Undergrad: 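To start, I am sharing the structure in question, which I have written as structure tokens.
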Amino acid sequence: MARYNAQETEKKWQTFWDENAIFATPARCNDEKYYILEMFPYPSGRIHMGHVRVYTLGDVIARYKKAQGLDVLHPMGWDAFGMPAENAAIEQGVHPSKWTWDNIATMRRQLRSMGLSYDWSREIATCSPDYYQHEQTMFLDLLEADLAYRKESSVNWDPVDNTVLANEQVIDGRGWRSGALVEQRLLPQWMFRITAYADELLEGLPTLDQWPESVRTMQENWIGRSEGMQINFSLKGRDDHLTIFTTRHDTLFGASFCAIAPDHPLAKELASNNPKLANFIDECSQLGTTEAALEKADKVGFDTGLVALHPFNRKRELIVFVANFVLMNYGTGAIFGCPGHDQRDLDFARKYGLDVLPVVCPHSCAESEFIVTDKAFTGDGRLINSEFLNGLSVKDAQSAAAERLVQENQGATHTTYRLRDWAVSRQRYWGCPIPVLHCQECGIVPVPRNELPVLLPEDVEFDKPGNPLELHPTWKFIRCPRCGSPAVRETDTFDTFVDSSWYFCRYACPDAETPLDAHALNAWLPVDQYVGGIEHAILHLLYSRFFMRAMRACGHVEFDEPFTGLLAQGMVCHETYSDAKGWLFPEEVEPSQGGALVRRDNQAPVIVGRSESMSKSKKNVVDPETIIGTYGADTARLFILSDSPPERDIEWSESGIDGASRFLQRLWRMVNEPRVPLAAKDAPMPNNVEGPSLVLRRETHRAISDVTNDIEKFRFNRAVARIRELANMIAGFECDDECGSRVVREALETLVQLMGPMMPHIAEEMWQMLGYEPSILNYPWPKPDVGLIATETVTVAVQVNGKLRTTLTLRVDADQGAAKSQALAEPSVVASIRGRDIRKIIIVPNRVINVVV
RNA sequence: GCGGGUGUGGCGGAACUGGUAGACGCGCUAGGUUUAGGUCCUAGUGGCCGCAAGGCCGUGGGGGUUCGAGUCCCUUCGCCCGCACCA
């Protein structure tokens, strides 16, 4: 029996597609365009299953849209700057540039072996000066538009490695490489003014109706707009005051303390002559910079001895604490605590023995009976213990309190955001140089545009701790272009999120001399469908949305929203393995005789960790090249599409890949050795198709309708199931008369076209075997015959008290009265009713008849 | 901790807007073909009771709304993603 040879056939069609430029981006004339984009990969070394998943998803959409006759732009590139390249340099002594470009070469080859429909002529790599020089131009534009500025901000400093650490490099407060205790250090940083667009970014969300609701909600919460008040509390014995932000000024009479952030200027000032406080602040900073760590930590405070006076009653004195749960970068970095109506404040008050005075009484509760014990009341109610606010609702009390505070000049309404400005400085080598310099005389000077690009020097060493740009003997030192005085280059490079905030625009005009070409942008942008991991739901997508608005302000683009549709695909997860020396790849591990996992090389025991999203840092990745080498790309693609819907996380397992492979063999045999002889290619369809042939025809056209619908809605797992059903139907078809031959040809041709976007190589091969000229993509997507889809009968469930008793086969839209009597005559129905009175009968036409007794 | 998800047979999952739970596949069981075989074909496969007809139970746990709940509401548990310097 002949077998389908995936290796040979896949190579054949990949060569054909290349030589005939099947995936060249069409020049836009007047046809409808479709820009399909998957998030570009970081060139970490080799592709992993997460890549296979996302690029397969995108490719199915791209090929389907092309078959629908749209002008498709489907590009690919590399998010090529970033930390791992520098780690490789330190650990393996390879230059980041070489490491990155080698990885790109490997991964490009691997992606090509998947048979993805990219226009490779538009490939970009962010580490190439061809790309990053334009980013430097745009930065100068942002600087002129006052959307970029410099500000001190706190970073994780490793005093031994002399370097800034990413949060993930800080483990239990220590540097991952040096093990040194990490310090918080203030460094001047370049920032992007994303907060200037907070409202616009918020307002844009409802227009993104082709995004998942969950992502929009996450962004909304991330921006975190809240309307409240800034209130000034006088400080006893001082001339200045403490400004706090609150959204609950209605509970002001319930205040029992104030708290400021450990890095609040006032805290620093008080600490200068209070060593204990200085020590406390120091301890707070040990927690690091991540919000999760701060929020999870025990709530602790330090009594500064300072006293704030209640704005409505200056006789009431409130202790000012420094507290670890108050964040400097939210609001004003200072709060008043109302333990009765805020859980965190309540926990804090109980811990430090502070008053708990309830000021909002629930509507359902008498004032005398309302007490707060260990649960703060945050709902609506009426005000109590609050002088002029007594009796008011929360909302009315807020207005009244606000009015009084404004009147007495003690506060003002204020809107604050959780969103902070975007820190884009990185004290690292492998990134886009920030094109400014620091002159002894003039201060910060932008690099003149005619001197761009500022190229990253290649001759750097990684043998000393710290940023190699900082230590470079010549690159760093320069003369000021304005005054000629000695100056140094900015040695910070950009956060790689900057690179990925506009790459999708550059694909439209990869060779333009300016950053972006208006004509090309208007032709292709925005991206119609973006596909990528849900882990990017907030930062990357929000930064890109901001960047488009910033670019619009600078005249580079004419639209706001970069991505019309978003498919946020779930993670590919896998168990993690480790031993004393660190993480292990799954292929370094094998089951021992006892069943426990051991190292393949020395049989040493392995710790099996829980399943997590595949990531290079934890080595819990499966090598797709092995899978593709063994089974072929089509099988890998089919497998990855088959079971789970795209949005869901999938657990990688080897089981099932054999099944996918068998299905491919089966499909191929159906055309290679058809059970029923196939009619000639152009033979007309007889007009008296009936019996089993009619059944197959109907099934074929229903499959067209269902699969089309499923692909449109990205339910590829269902589309695969539907294709399998059609294949099963064809395989069981035995009618070998003239009519059957014609119908089975139609069914097979349909099958091949429907599976084409998912299994493109074997589909091209089968299409050719059916007598057609390649490429299958040049043939229009099949359309269902509506007359054949319509059904004549339906199966209706018959229930008694909601429990299924039997089913009836009825004509569609059958007479309800007749259906009712037929149902009541059913023996199983009669038996279930057992002579009881029928109270009512609910009939849902074509679905259910429910007898209630 | 906060925000967003998610939970259905032995396994991955299906079930459109509240209307026959388990499509499709993996695995497993039995039979058959050819073969030395992992190939291929046929049948079966949620659990319990029953010779059978059939019955009862069943969508993480508990409660509720409804003629009817996997689907809606409340509550609770597990897991996943994000939390601003991983990408």
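Convention: sequence-line order gives letters A, B, ...; per-chain numbering from 1. The structure displayed is predicted, hence computed values, not measured ones. No hydrogens, no waters, no symmetry mates; every other heavy atom, side chains included, goes into these values.
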Undergrad: Considering heavy-atom distances to RNA chain B, does S642(A) or K299(A) have its closest nucleotide positioned more toward the 5' end?
TA: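 Between the two, 5'-proximity favours K299(A).
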Undergrad: Nearest to the side chain of S214(A), heavy atoms from C-beta on, is which of G4(B), C85(B), C56(B)?
TA: G4(B)
Undergrad: Which one is paired to G7(B), where only Watson-Crick or G-U wobble pairs with both distances under 3.5 angstrom count?
TA: C77(B)
Undergrad: Is there a donor-acceptor pair closer than 3.5 Å between any side-chain N or O of D79(A) and the backbone N or O of F40(A)?
TA: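 Such a contact is absent between D79(A) side chain and F40(A) backbone.
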Undergrad: Give V851(A) one of three labels, base, sugar-phosphate or nothing, depending on what nucleic acid heavy atoms sit under 4.0 Å from its own.
TA: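 The residue V851(A) makes no contact with any strand.
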Undergrad: Scan S425(A) against the nucleic acid and name what it touches under 4.0 Å (heavy atoms): base, sugar-phosphate only, or nothing.
TA: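 Counting heavy atoms under 4.0 Å across all strands, the contact made by S425(A) includes a base.
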Undergrad: Which nucleotide in the list A84(B), U6(B), G4(B) gets nearest to the side chain of R648(A)?
TA: U6(B)
Undergrad: Quick check on C83(B): is either OP1 or OP2 less than 4.0 Å from any side-chain nitrogen or oxygen of T290(A)?
TA: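 For C83(B), neither OP1 nor OP2 has a side-chain N or O of T290(A) closer than 4.0 Å.
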Undergrad: Checking contacts here: which listed nucleotide (C85(B), G1(B), G3(B)) is nearest the side-chain heavy atoms of K296(A)?
TA: G1(B)
Undergrad: Which listed nucleotide (A84(B), C85(B), C80(B)) is nearest to the side chain of V155(A)?
TA: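 Selected nucleotide (nearest to the side chain): C85(B).
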Undergrad: With both distances under 3.5 angstrom, what nucleotide forms a Watson-Crick or G-U wobble pair with G44(B)?
TA: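 Its partner is C28(B) (Watson-Crick or G-U wobble, both distances under 3.5 Å).
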Undergrad: Looking only at side-chain atoms of P645(A), point me to the closest of G13(B), C85(B), G4(B).
TA: G13(B)
Undergrad: Would you check if the side chain of R675(A) reaches a backbone N or O of A731(A) as a donor-acceptor pair within less than 3.5 Å?
TA: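 Here the side-chain-to-backbone pair exists.
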Undergrad: Rounded to whole angstrom units, what separation is found between the CD atom of Q189(A) and the C1' atom of A84(B)?
TA: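 Q189(A) atom CD is separated from A84(B) atom C1' by 12 Å.
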Undergrad: For nucleotides 18-24 of chain B, give me one character per nucleotide, 5' to 3': B if any protein heavy atom sits under 4.0 Å from the base, S if the only such contacts are to the sugar-phosphate, - if neither.
TA: -BB--BS
Undergrad: For A69(B), which nucleotide in any strand shown is its Watson-Crick or wobble partner with both distances under 3.5 Å?
TA: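 Pairing partner: none.
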Undergrad: With rounding to whole Å, what would you report as the distance between G12(B) and G61(B) at their P atoms?
TA: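 The answer is 16 Å between these two P atoms.
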Undergrad: How is Q427(A) classified with respect to the nucleic acid when contacts are heavy atoms under 4.0 Å: base, sugar-phosphate, or nothing?
TA: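 It contacts base atoms.
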Undergrad: Would you check if the side chain of E91(A) reaches a backbone N or O of A88(A) as a donor-acceptor pair within less than 3.5 Å?
TA: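 Absent.
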Undergrad: Strictly below 4.0 Å: does R715(A) bring a side-chain N or O up to OP1 or OP2 of G13(B)?
TA: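 So the side-chain polar atoms of R715(A) never come under 4.0 Å of the phosphate oxygens OP1 or OP2 of G13(B).
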